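Note that this is a predicted model, so its numbers are computed, not measured. Reminder, nothing fancy here: chain letters follow the sequence lines and each chain counts from 1.
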Amino acid sequence: MRYPFKEIEPSWQKKWADQNLYRSVADPSKPKYYVLDMFPYPSGDGLHIGHPEGYTATDIVSRYKRMCRYSVLHPIGFDAFGLPTERQAMVENIHPRSITERNIATFTRQLKSFGFDYDWSRSVNTTDPSYLRWTQWMFLQIYNSWYDPEMDKARHIDTLPIPKSIVSQHEIDEYIDSHRLAYLDHIPVNWCEQLGTVLANEEVDEWIEKGYTVERRPMRQWMLRITAYAERLLTDLNGLDWPAMTIEMQRNWIGKSDGSEIQFRVVSEYEEHEDMAASPRTHEQTITIFTTRPDTIFGATYLVLAPENELVDVITTPEYHDRVEIYRQVTTKKSDLERTELTKQKTGVFTGAFAINPATNERIPIWIADYVLAHYGTGAIMAVPGHDQRDFEFASTFSLSIVTVVAPFTEILEGSPDGRTAATAAFQPPTKAFVDDGINVNSANNMVSLNGLHTIDSKRVISEWLEERGFGRRAIQYKLRDWLFSRQRYWGEPIPIMFFDDGSKRALDDDELPLLLPDVADFKPAGTGESALATVTEWVDFIDKKTGKHARLETNTMPQWAGSCWYYLRYCDPQNNNEFCSKEAEQYWMGDSGIDLYIGGAEHAVLHLIYARFWHKVLFDRGYVSTSEPVRRLFHQGLILAEGKKMSKSLGNVINPDDMIDTFGADAIRLYEMFLGPLEASKPWSTQGIEGMPRFLDRVWRLVLESPLDDVECPRELDRVLHETISKTRADIESLSMNTAIAQFMIFVNVFTSSDIRPRKAIEQFLQCLAPFAPHITEELWMRLGHSTSIHLSAFPEADPTKLIKDEVQIVLQVNSKIRGKVMLSPDADEQTMEHAAMKDEGVMRHLDGKTIRKTIVVRGKLVNFIAS
RNA sequence: GCUUGGAUGGCGGAACUGGUAGACGCACGGGACUUAAAAUCCCGUGUUCCGUAAGGGACGUGCGGGUUCGAUUCCCGCUCCAAGCACCA
């Protein structure tokens, strides 16, 4: 007797859909549970076998929570704007909308064939006008916000105080624009000629790998001021139930550094440092540097500016001008990637200028080098070659002086206590910089001394001194940069801003949204660095009805991340035409904890999750959502590998889920993917290994149907297995250990199959345990057992703890910690009983023979160990 | 280089707060049923040594140490693998 999955699975899928069985309802009388899958991009290849792994896990949790009487929200939708679709459209010469529709249809069919319990009435599609309208609205909320540092939150732009000194409307507009959380900037970006678009830094590698070239080019771009949220994005990581790795990656990405900004006065080449106090300062110029090691300032022997630093023009002396210019030209042509690739060989040129080290009062040269990044800190550093490896390499290359001002603790301990010997010892030509904490040496002037101080104390002392003398102040820097938000693509959300001939601009009002893409036949990039939209004159160029002025629309569109920044909110109220989501729906589904469980790949650990957190915080500040964080619990499923490698089209090792369902059935695939191993681990797919699953389901089928079930009391031993199964299923679903729950199901089936009686109640409860994992077969069997309502709406069974207790447990008997026997005893047998029983054991007696017991260790319910000699 | 994980039979993996290592499955071997095969069911399966056998012993969770009566589990030091970051001063 075999389980006829081919008939049963599609037929239940249809019935469930007809009955709206999985419709989510915000029922205030019940607790809610929001379980979310990461937003799929409907690619032309359809689902691969890795997709259903995470989806099955959320499906199990969702079904389980429903049976535990939660109101469950488990939605799905499509992140459908994006470059691959646009490119496919060009290849096939049909509209991206058609490609999108086609791909979504395939994804939907495949997802449905797995029997997932999505509420399809809540499905969203980012390219849908009713969705993109709200993406544009979200953008405008960001655009119309500024970050108030005093209240530490974003507020409406109308609340921005305008300084009295600003009077003209033009200046006021500029001032406001410079404070918006969405702003225009002219910055060097990664331009890809073949794609006709800029790429985000994080997208560059991917396209270079595919053989495209990417160059740096300054362009006018929309930016989102995510840096305003750096500190909150960092500190709010603390309360999250997220994988440690992901939290660490986000911390790293934000990259907070605690240090000092220090000013170095620039002196002319001929100015002698002795008379620096007396010399007339005609053009006082200072360079501000950022450092996390102010304690090493006595070892700062030169300064380095980033080639892009504006001060380079000001300070470079005439005779060095040409060399500096050539160097700057070369470096600006390099991409970030190329600049970092040349890790070993440091390059740079001298500017001819000098600065005064405020600690030593010495004159030190100012160089430019591309190992200093323009966009981090102040774009300038004090170089301490003795205690920074990069500075050391640079100084070695250009024969700049290297001074040791920190000695390792060990040298101090071995040398004289005041550190003098250590200092001398450290002057041996070093081969690399000493970058760890230590004890300061050679670090004194006539006002302050750090000698003998621990790095931690030195930092404090020198910072205070620098601050007192007006040379510097404590400062915090972040690696996080503002988010480049525009793309020169057709297939994305248009940015709802128009520009007038006088240079002013106007954001579209709510009643003018959505701003739809023009329906054009040719959506190839304009070839001018603008998107295809620039060529659609009747769309771009028009007379604005509200002002009567001639206007030109923004031709950039939003990046693909935009739609995925807030989709989880739309799911709460997807049909709403007046708001992105009603307050009630948001409060119900997102209330206090946000998304209760979010499962998706680790590849989104940083970008998607940091962008979405940022948008969410803006919405929170502006009063649109009730939590400061969107996702309480996050989980990354592992990859499913084929032949030890990631599945990919190019390797030709992709397993098609349609074939698998056709051969083995959806329930078997679901179970197999869960049984392979821990959800978070990468696991190899084996089409051979899957065989065990249809076999198991056949055994379930036979257990229920082969012989009539008995309406009898369940024997104690079987009852224990049942209650262990219930208890284990509950615990394992909560901890997402699906693999061990399934092992327990197998144990249940093995035990009950070999039993003479088939207690109906126990077998029904088992089916309820299995239902979240294998929804089709359990539903069919449930109905065949005479039920008239779905198993998936039944109440999940409760484990009775009294039934989990065993009559007898096996006690391990050891002599000198080696197992010499076993004995069955009541679990609450006392120490004496256990010891006596152990003494009588044959194996124990044999090994104790001729020996004296020195010590006896008894662990109740576990073991007896005789230490003898 | 840095960060975070990981390493257990032929394979995927299990093992609670230190207490029977190898649950469950795959594969393999043997048997039953069958004219035969498939399917199904039963038994066996870490390595090795002694014994004709029943049985008994030794070793065994990447490597080397340590703590402990006892370590896959805790501590120290390595090796290898995976993922991410990588001139962020």
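Side-chain atoms of A/Ile867 lie closest to B/C69 of the nucleotides B/G13, B/C69, B/G19. Distance from the side chain of A/Ile857 is smallest to B/C69 among B/C69, B/U4, B/A14. Side chain of A/Arg695, nearest nucleotide from B/C24, B/C26, B/A89: B/C26. The side chain of A/Arg702 has B/U40 as its nearest neighbour among B/U20, B/U40, B/G12. Nearest to the side chain of A/Glu248, among B/C59, B/U4, B/C69, sits B/U4.
Taking the nucleotide of RNA chain B with the nearest heavy atom to each of A/Arg846 and A/Ser754, the more 5' of the two is matched to A/Ser754. When each of A/Thr753 and A/Ser817 is assigned the nucleotide of RNA chain B with its nearest heavy atom, A/Thr753 is the one assigned upstream, toward the 5' end.
Comparing B/G13 with B/A23, their C1' atoms sit 10 Å apart, to the nearest whole Å.
Across all strands shown, B/U17 has no partner, as no Watson-Crick or G-U wobble contact with both distances under 3.5 Å is found.
Side chains of A/Glu261 and A/Gln477 form a contact here, defined as non-hydrogen atoms less than 4.5 Å apart.
No more than 12 heavy atoms of other residues, nucleotides or ligands lie within 6.0 Å of CG in A/Asp756, so this atom counts as exposed by the packing criterion. Other residues, nucleotides and ligands place more than 12 heavy atoms under 6.0 Å from the CZ atom of A/Arg730.
Anti is the classification of B/G31, since its glycosidic angle lies more than 90° from 0.
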